[in-house]
Amino acid sequence: MPTHVWLLHPGGPSPEQPKKEHLKEQLLDPLVLTSIPGFLKPIWIWFLLYFRMKTPLISGPCSSFAEAEKHAQELVRLLGPDFVCHTIHRYGSDSMNVALHRTPSKSPVILFPLIPHRCSTLYSILEQSRTALRAKKNHIVEVGSYATDPQFTESVASLIRRAIIRLDGAREYAILFVLQRQPENWKSPPKEYYNDAHKSYQKIMHILGRHQPHALHYPNTKELNQELRGWHQTGCRALITVPLSWICHAQSLEEQVQSQLHQYASEIGFTTIESSSPTMYSPVFYQFLVDKILSLQEELEA
């Protein structure tokens, strides 16, 4: 019996889904709603939708359906015929019901979050997946937080090294790690999510072994703007931007985030270099996923 791998991530709007409906789905997530006072929920959600409609969607958790499917197909190719991969979106898709229909009862299932850092929407999709699969008596194992897994952090560090080489010998540069915004807190990262991301960020800088200025920020914040100006005043003239949380993403969406950062940084006086996200461009990260899945299959068979 093949092992079914459920690849979990927040998802993104389908081509036919309006941006407003996608944002509304995020804000109505059960675990996001716990952060909103009960009697204020309708007013607060309307307020958030009104202002976030004016903010680019790409600043929030967003994954392309097409890119996610390509990612699953590549994993199937690497894993071989003993595995079936399903792409599960929390928002904007009926993918969980489709995966349930295609996953036989009592078959082994691996739940694999494609977000290395803890966030409320990830917990929500994990709980929904557990409940649905237990009802079918499937044997389930889960991949826990892998924010500091050596292979994951090395995959990001390897991409940053490539960006450093592209600087062509420039010594005065800074490294900016950029986080995705989360629906329950648009201005600052929720504590658990930030703590996981910060551990990744510290581990990656330790692997790089470099002492250049570096920081971890949400995009387009007052703190980030102050950081960039401070770096420029100390003599930094080049900036490497690292999208830390985009795992299964749409390249065009990520490029828009990068473009916004680069435009602002260039106004200050920086030359900017992009470091790609780990999943879409790094064989090291694919190997990490394969190794994790194979080790969990051994646990299922034990």
Is it true that a side-chain atom of [X] and a backbone atom of [Y] form a donor plus acceptor pair closer than 3.5 Å?
{"X": "Arg237", "Y": "Thr271", "result": "no"}
{"X": "Tyr146", "Y": "His117", "result": "no"}
{"X": "Asp82", "Y": "Thr3", "result": "no"}
{"X": "Lys203", "Y": "Thr148", "result": "yes"}

Would you check if [X] and [Y] make a side-chain contact, meaning some heavy-atom pair closer than 4.5 Å?
{"X": "Ile175", "Y": "Leu208", "value": "yes"}
{"X": "Ile240", "Y": "Leu176", "value": "no"}
{"X": "Leu8", "Y": "Leu126", "value": "yes"}
{"X": "Phe288", "Y": "Ser155", "value": "no"}
{"X": "Ser200", "Y": "Asp196", "value": "no"}
{"X": "Ser266", "Y": "Thr272", "value": "no"}
{"X": "Leu79", "Y": "Leu294", "value": "yes"}
{"X": "Pro108", "Y": "His4", "value": "no"}

Exercise. Who pairs with Lys292 by side-chain hydrogen bond (donor to acceptor under 3.5 Å, both in side chains), at least two apart in sequence or on another chain?
Worked result: Asp149

Exercise. Does Val98 belong to the same Ile/Leu/Val/Met/Phe/Trp/Tyr cluster as Leu7, with side-chain heavy atoms less than 4.5 Å apart forming each link?
Worked result: no

Problem set entry | With sequence neighbours excluded, residues passing side chain to side chain contact (heavy atoms under 4.5 Å, CB included) with Glu299 | Val141, Leu296

Quick one: do the [X] and [Y] side chains pair a donor with an acceptor below 3.5 Å?
{"X": "Ser95", "Y": "His86", "result": "no"}
{"X": "Glu227", "Y": "His217", "result": "yes"}
{"X": "Trp6", "Y": "Thr103", "result": "yes"}

For this session: Measure the spacing between NE2 of His198 and CG of Leu244 and express it to the nearest 0.5 Å.
Result: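 Atom-to-atom, His198:NE2 and Leu244:CG are 11.0 Å apart.
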
For this session: Output the distance between atom CD1 (Ile204) and atom CG (Leu216), rounded to the nearest 0.5 Å.
Result: 9.5 Å

Exercise. In this structure, are over 12 heavy atoms from other groups packed under 6.0 Å from Lys136 atom NZ?
Worked result: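 Counting neighbours around NZ of Lys136, more than 12 heavy atoms of other residues, nucleotides or ligands fall under 6.0 Å, so yes.
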
For this session: Applying ring-ring contact (aromatic ring centres under 6.0 Å, His included) between His214 and each of Tyr201, Tyr173, Phe177, report the one that passes.
Result: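 Of the listed residues Tyr201, Tyr173, Phe177, the ring-ring contact (aromatic ring centres under 6.0 Å, His included) partner of His214 is Tyr201.
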
